[in-house]
Protein chains: 2
Amino acid sequence: MTHEQFAKYSFLLDRTARKVKQYAQQQFKSGEFDVTVDQWLVLKNLSENHLLSQTQLAQLVFKDHPTLTRIIDLLCKKGYMERIPNPNDRRSFQLHLTTSGEEKVRALRPQILEIREKAWENLSETDFEEFKRILNTIYMNLGGQETEEE
Amino acid sequence: MTHEQFAKYSFLLDRTARKVKQYAQQQFKSGEFDVTVDQWLVLKNLSENHLLSQTQLAQLVFKDHPTLTRIIDLLCKKGYMERIPNPNDRRSFQLHLTTSGEEKVRALRPQILEIREKAWENLSETDFEEFKRILNTIYMNLGGQETEEE
DNA sequence: TACAAATAATTAGTGTGACAAATATATGAA
DNA sequence: TTCATATATTTGTCACACTAATTATTTGTA
């Protein structure tokens, strides 16, 4: 195999990642979910982990701080979450979902799982494991931090 | 496997695609390549296909028209390419590299191939084929168009 | 020929991603 | 205690992605 062909992984990876996001976002829109794909990722993680700081949340969702600050701004504006001052550290906040945010997560979770499955038609569970292994290897080759399996 | 775990492919895919782009961009920057990763993709495709219209180029690189318009604006400003009016259709342009653009492609190509290889450490050629197959299957499951193999 | 529909490219608006710098607060060592 | 250093978050800037709307031109058809 030539190096030229080999280097195409980056193109295919980028193209597929964009397609996955684009497909999900279109479904989110036609379903009037009122959140973007990235906003959903934040809501979902908040529903599973309470009173996180922004730094902790940033590590969970692998977004940098400025990006997360802006996503949180939007979610607060929509009323799905709040920043509560941390009584032990005045630099930081404790993040939590509002009732409206909890309801949103409950309502969307099953619909989003269904949207996500579409990508996996014609692929097996073995493919899934292989895919995860390769993605994680690439991620770590480029300096990513190991993440524990669940 | 639960659906929950299953749906994580979208997260891993997005995370890895971003890491790959970020790693490359950092190398581009420290090497003073004077182009972004996406600008390189456009230059590279132009060097391999002459006198494309923007619509044709957009299909090749899988970018939408507004994004491509702006990337081309930047590359023209840098003097690497030009828009030539199409004599047969006054709506469109024929895109081509300048001499400076041709030189840029020649100079960067080998360096970029080297950067791209870093991601593939600890992975085999079989892994590469599997990876390509899975990415393309996902891409097509979500409505992507078949692309011919080279 | 005339005109509706299609096409090529651009513009505008919003969201996200990366990086650098700024602000505010906390911590640790002299 | 004090001051340098570290940490949490925000702000600013540029680039890219997606949608919708706009402009200019071409094409198909009556």
Side-chain angles (χ1 to χ4, degrees), chain A residues 11 14-30 33-42 51-59 61-78 83-95 142-143, chain B residues 11 14-30 33-42 51-59 61-78 83-95 142-143:
Chain A
F11 174 73
D14 184 63
R15 179 176 83 161
T16 305
R18 273 191 286 134
K19 175 65 84 178
V20 165
K21 195 163 185 173
Q22 181 186 2
Y23 176 80
Q25 192 58 56
Q26 283 167 353
Q27 301 301 115
F28 277 36
K29 182 166 192 186
S30 69
F33 287 7
D34 187 39
V35 289
T36 67
V37 170
D38 298 284
Q39 289 164 18
W40 164 253
L41 181 64
V42 167
L51 296 181
L52 294 174
S53 72
Q54 294 189 194
T55 297
Q56 290 170 321
L57 181 56
Q59 284 169 351
V61 300
F62 290 93
K63 294 190 181 296
D64 63 17
H65 295 228
T67 299
L68 191 55
T69 290
R70 283 156 192 143
I71 291 174
I72 290 173
D73 286 347
L74 291 171
L75 287 172
C76 287
K77 207 175 295 180
K78 289 179 180 176
R83 289 180 172 100
I84 302 176
N86 183 336
N88 303 316
D89 187 339
R90 292 195 299 170
R91 292 170 303 181
S92 75
F93 298 103
Q94 293 174 329
L95 304 174
L142 301 182
Chain B
F11 174 74
D14 183 64
R15 179 176 83 161
T16 305
R18 273 191 288 132
K19 175 64 81 179
V20 165
K21 194 164 186 173
Q22 180 189 12
Y23 176 79
Q25 190 60 55
Q26 282 169 353
Q27 302 302 114
F28 277 36
K29 182 169 190 184
S30 71
F33 288 7
D34 187 40
V35 290
T36 66
V37 171
D38 297 285
Q39 288 164 18
W40 164 254
L41 181 64
V42 167
L51 297 182
L52 294 173
S53 71
Q54 294 189 195
T55 297
Q56 290 170 323
L57 181 57
Q59 285 169 350
V61 300
F62 291 93
K63 295 196 179 294
D64 54 57
H65 293 229
T67 298
L68 191 55
T69 289
R70 279 158 196 140
I71 291 175
I72 291 174
D73 287 346
L74 290 170
L75 288 172
C76 287
K77 206 175 294 179
K78 289 178 182 177
R83 290 181 171 99
I84 302 176
N86 182 336
N88 303 316
D89 186 340
R90 293 195 300 170
R91 292 169 304 181
S92 74
F93 298 103
Q94 292 176 330
L95 304 174
L142 301 182

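These numbers come from the heavy atoms of this one structure, side chains and all, not from hydrogens, waters or symmetry mates. In what follows, chains are A, B, ... by sequence order, proteins preceding strands, each numbered from 1. Here the structure is a predicted model, which means the values were calculated and not measured.
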Rounded off to whole Å, could you give me the [atom1]-to-[atom2] distance for the [X] and [N] pair?
X        : N       : atom1 : atom2 : answer
Lys29(A) : dC18(D) : NZ    : P     : 13 Å
Leu95(A) : dT9(D)  : CG    : C1'   : 11 Å
Phe28(B) : dC14(D) : CZ    : P     : 21 Å
Asn86(A) : dT25(C) : CG    : C1'   : 12 Å
Arg90(B) : dT27(D) : CZ    : P     : 12 Å
Leu52(B) : dA8(C)  : CG    : P     : 13 Å
Tyr23(A) : dC18(D) : OH    : C1'   : 17 Å
Asp73(B) : dC14(D) : CG    : P     : 15 Å

Respond yes when some side-chain nitrogen or oxygen of Gln25(B) is under 4.0 Å from OP1 or OP2 of dC16(D), and no when none is.
->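 For dC16(D), OP1/OP2 do not have a side-chain N/O of Gln25(B) under 4.0 Å.
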Which pairs, protein N/O on one side and nucleotides 14-17 of chain C N/O on the other, fall under 3.5 Å?
from	atom 1	to	atom 2	distance (Å)
dT16(C)	OP1	Thr36(A)	OG1	2.4
dG17(C)	OP1	Lys63(A)	NZ	3.0
dG17(C)	OP2	Lys63(A)	NZ	3.1

Return yes if some donor-acceptor pair links the side-chain N/O of Gln54(A) with the main-chain N/O of Ser92(A) below 3.5 Å, else return no.
->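 Side chain of Gln54(A) to backbone of Ser92(A): no pair is present.
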Just jot down the side chain to side chain contact (heavy atoms under 4.5 Å, CB included) partners of Gln39(A), sequence neighbours excluded, or say none.
->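 Expected list: Val35(A), Thr36(A), Ile71(A), Leu74(A), Leu75(A), Lys78(A).
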What residues form a side chain to side chain contact (heavy atoms under 4.5 Å, CB included) with Asp14(B), not counting sequence neighbours?
->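 Asp14(B) satisfies side chain to side chain contact (heavy atoms under 4.5 Å, CB included) with Lys21(A), Arg18(B) once adjacent residues are dropped.
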Could I get the full list of side-chain hydrogen bond (donor to acceptor under 3.5 Å, both in side chains) partners for [X], not counting sequence neighbours?
X        : result
Arg91(A) : Asp89(A)
Lys29(A) : none
Lys19(A) : none
Gln22(A) : none

Sequence neighbours excluded, which residues qualify as ring-ring contact (aromatic ring centres under 6.0 Å, His included) partners of Phe93(B)?
->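 Expected list: none.
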ring-ring contact (aromatic ring centres under 6.0 Å, His included) partners for Phe33(B), two or more places apart |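 For Phe33(B), the residues satisfying ring-ring contact (aromatic ring centres under 6.0 Å, His included) (neighbours in sequence not counted) are Phe28(B).
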Just the atom pairs and distances: protein N or O near nucleotides 2-4 of chain C's N or O, under 3.5 Å.
none

Check the interface with nucleotides 2-8 of chain D: list each N/O to N/O pair with the protein under 3.5 Å, or write none.
from	atom 1	to	atom 2	distance (Å)
dT7(D)	O2	Arg91(A)	NH1	2.6

Go through the structure and list residues passing salt bridge (Lys or Arg N to Asp or Glu O under 4.0 Å) with Asp73(A), not counting sequence neighbours.
->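 Arg83(A).
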Mapping Pro66(A) and Asn88(B) onto DNA chain D by nearest heavy atom, which one lands closer to the 5' end?
->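 Looking at DNA chain D, the more 5' nearest nucleotide goes with Pro66(A).
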Rounded to the nearest 0.5 Å, what separation is found between the CD atom of Gln94(A) and the CG atom of Asn88(A)?
->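 Between Gln94(A) CD and Asn88(A) CG, I get 7.5 Å after rounding to 0.5 Å.
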